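Letters A, B, ... mirror the listed sequences (proteins, then strands); counts begin at 1. All values derive from a computational prediction rather than experimental measurement.
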Amino acid sequence: MSQFVFPETWRSPGTLRHAGRLLGLYLVRRDGAFEDARMITEVEAYDSEKDLACHARFGRTRRSEVLYAAGGIWYVYLCYGVHEMLNLVVGPPDHPAALLIRSVEGIAGPGRVTKALRVGRSLNRCVTEPGCGLYLEDRGVRVPGRLIRRTPRIGVDYAGPIWANKPWRFTFDPTKLRATPAGPVQG
DNA sequence: TACTCGATCGGA
DNA sequence: CCGATCGAGTAA
């Protein structure tokens, strides 16, 4: 059974808590005839202007403005002039924070995720709803805390050791998930 | 406007 | 290890 995850889900404070809850959810993409849905297996948290790895480290700018909106919208930007990066904006208004989706089941690497799901900057600022063509579903996967690994974020050494070493990368091994308990039988 | 650098990836 | 490739941000 799939349950649509409402955008409002991501508006409360608690960036790291949201990161843990994003693991195991399905990222659903519909674009014309194209359709794909994959379980999220790796995310990174970027939180506030203090975080020198976060795009909000310069305060409100043309690019970072989207991070200051209420959670539940997408932030997509171009990295190295080549790769699109997909983030979920989280937190209340005026608290800039986002979760980078680094991997989904079967696809590792943030640049590969967006390529596989045909995600581009046209989705920047879009709400996480079906009408947007990109949204989240809860398909009953429960990721136990003991499976979640936290490590430093990738590729942010420029932020300095304090911020580069924060264990804000969340991953888990989906093959270690226990089969979901059988629910009510449906036709 | 000139300049630097990057939340990556694929190939040498 | 290195180049691709371009937009954001800073300084001037």
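- When base pairs are accepted only as Watson-Crick or G-U wobble with both N-N or N-O distances under 3.5 Å, DNA chain B takes part in stems of 3 or more pairs at B:1-6 with C:6-11, B:8-11 with C:1-4.
- Residue contacts shown for A:Arg169 are absent, as no nucleic acid heavy atom lies under 4.0 Å away.
- Annotation: cation-pi pair A:Arg153/A:Tyr46 present, NZ/CZ under 6.0 Å from the ring centroid and within 45° of its normal.
- Of the side-chain N and O atoms in A:Arg62, none sit less than 4.0 angstrom from OP1 or OP2 of C:dG7.
- A donor-acceptor contact closer than 3.5 angstrom is absent between the side chains of A:Arg149 and A:Thr171.
- With A:His55 as the partner, the side-chain contact (heavy atoms from CB on, under 4.5 Å) test is satisfied by one option alone out of A:Glu49, A:Met85, A:Arg63: A:Arg63.
- Ring stacking is absent between A:Phe58 and C:dG9, as the pair misses the limits of under 5.5 Å between centres and under 30 degrees between planes.
- Distance OH (A:Tyr75) to P (C:dG7): 14 Å, rounded to an integer number of Å.
- For the pair A:Leu134 and A:Leu27, the minimum side-chain heavy-atom distance is below 4.5 Å.
- Remark: P of B:dC9 and CD1 of A:Ile107 are 12 Å apart, rounded to the nearest angstrom.
- Atom pair A:Arg57:CZ and B:dA7:P shows a separation of 6 Å (rounding to whole Å applied).
- If you measure from atom CZ of A:Arg153 to atom P of B:dA7, you get 11 Å, rounded to the nearest angstrom.
- What separates CD1 of A:Ile101 from P of B:dA7 is a distance of 17 Å, to the nearest Å.
- Within the nucleic acid shown, A:Arg63 comes within 4.0 Å of sugar-phosphate atoms alone, with no base atom in reach, counting heavy atoms only.
- Distances shown here put every side-chain N or O of A:Thr61 at or beyond 4.0 Å from the OP1 or OP2 atom of C:dA8.
- Within the 4.0 Å cut-off from OP1 or OP2 of B:dA7, at least one side-chain nitrogen or oxygen of A:Tyr158 is found.
- Taking atom NZ on A:Lys166 and atom C1' on B:dA7, their separation rounds to 17 Å, with Å as the unit.
- Closest contact between the side chain of A:Leu78 and the listed nucleotides B:dT8, C:dC6, B:dA7 involves C:dC6.
- A parallel orientation is assigned to the rings of A:Tyr75 and A:Tyr77, their planes being inclined by less than 30° (bins at 30° and 60°).
- Out of B:dT8, C:dG7, B:dG10, the shortest distance to the side chain of A:Arg112 is found at B:dG10.
- Side chains of A:Leu177 and A:Pro144 form a contact here, defined as non-hydrogen atoms less than 4.5 Å apart.
- In this entry the distance linking CG of A:Leu100 with P of B:dA7 reads 10 Å, nearest Å.
- Across the protein-nucleic acid pair, A:Glu84 atom CD and B:dG6 atom C1' stand 14 Å apart, rounded to whole Å.
- Counting distance only, with no hydrogens placed and no angle test, the side-chain atoms of A:His55 and the base atoms of B:dA7 include a donor-acceptor pair under 3.5 Å.
- With the nearest nucleotide of DNA chain B identified for both A:Lys115 and A:Ala98, A:Ala98 has the one nearer the 5' end.
- Nucleic acid contact for A:Val82: base, since at least one base atom lies under 4.0 Å from a heavy atom of the residue.
- Taking OH of A:Tyr68 as the start and OG1 of A:Thr61 as the end, the distance is 7.5 Å to the nearest 0.5 Å.
- Note on A:Asp138 versus A:Arg21: no salt bridge recorded, every NZ/NE/NH1/NH2 to OD/OE distance being 4.0 Å or above.
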